[in-house]
Amino acid sequence: MTKLTFILPDGSSQEVEATAGHSVMKTAISNSVNGIVAECNGSLACATCHVFLDDASAAQIDPPGETENDLLDFAAVERQPTSRLSCQVMVDNLPDGAVITMPETQV
Ligand code: FES
């Protein structure tokens, strides 16, 4: 299992044990982590699963694909260099202890 720390919109944090084979979006929702909407349920069509990865985690995984990259331009909160759509980031690819920060809002 991979331990993830989510930084919530109110500044508090929540640690979860993530299950291999799940996306970060699915992990957040299944652990009742506040801050993800995931309107399209992971179909790569909404940008309401926007998150900011810590620098080390962002550097370790493959960069966003073309569609993810385009959608990030439509996120409710302006994208940053480590922005990702959490439905496209698999837990298995993140280092243990990755820190994932939620934006202020998804809509
Ligand atoms: S849940 Fe819609 S793009 Fe990720």
Side-chain angles (χ1 to χ4, degrees):
M1 282 214 172
T2 303
K3 186 184 293 183
L4 303 180
T5 299
F6 289 93
I7 307 297
L8 307 183
D10 68 2
S12 64
S13 63
Q14 185 173 342
E15 279 190 8
V16 304
E17 294 285 346
T19 304
H22 287 184
S23 68
V24 171
M25 178 273 279
K26 185 171 183 174
T27 300
I29 288 177
S30 64
N31 286 280
S32 301
V33 175
N34 189 23
I36 295 285
V37 175
E39 236 164 44
C40 77
N41 198 28
S43 300
L44 196 50
C46 74
T48 62
C49 63
H50 181 204
V51 296
F52 308 111
L53 300 182
D54 66 273
D55 290 342
S57 298
Q60 180 172 311
I61 62 174
D62 288 339
E66 188 177 343
T67 303
E68 181 184 352
N69 195 41
D70 289 347
L71 275 173
L72 280 166
D73 289 337
F74 296 97
V77 171
E78 189 174 357
R79 68 188 293 177
Q80 297 179 8
T82 63
S83 284
R84 296 300 301 259
L85 295 181
S86 58
C87 68
Q88 301 302 303
V89 178
M90 299 306 289
V91 164
D92 315 58
N93 298 330
L94 292 174
D96 191 38
V99 178
I100 298 153
T101 302
M102 302 296 189
E104 292 169 22
T105 182
Q106 295 284 2
V107 292

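Model, not experiment: these values are computed from the prediction. Remember, it's 1-based here, ligands and their atoms both numbered in the order they're listed.
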> Is there a donor-acceptor contact under 3.5 Å from the side chain of Asp10 to the main chain of Ser12?
Replying inline: yes

> What are the protein N/O/S atoms, named by residue and atom, that sit under 2.8 Å from atom 2 (Fe) of ligand 1?
Replying inline: Cys40 SG, Cys46 SG

> Does Asn93 use its side chain to pair, donor to acceptor, with the backbone of Ile61 at less than 3.5 Å?
Replying inline: no

> How far does CD of Glu68 sit from CG of Leu44, to the nearest 0.5 angstrom?
Replying inline: 6.5 Å

> Hey, does the side chain of Thr82 reach the backbone of Asp54 with a donor-acceptor pair shorter than 3.5 angstrom?
Replying inline: no

> Short question: side chain of Gln106, backbone of Ala38 - any donor-acceptor pair under 3.5 Å?
Replying inline: no

> What closest approach, in Å, do Glu15 and Thr5 show between heavy atoms, and which atom pair accounts for it?
Replying inline: CG-OG1, 3.4 Å

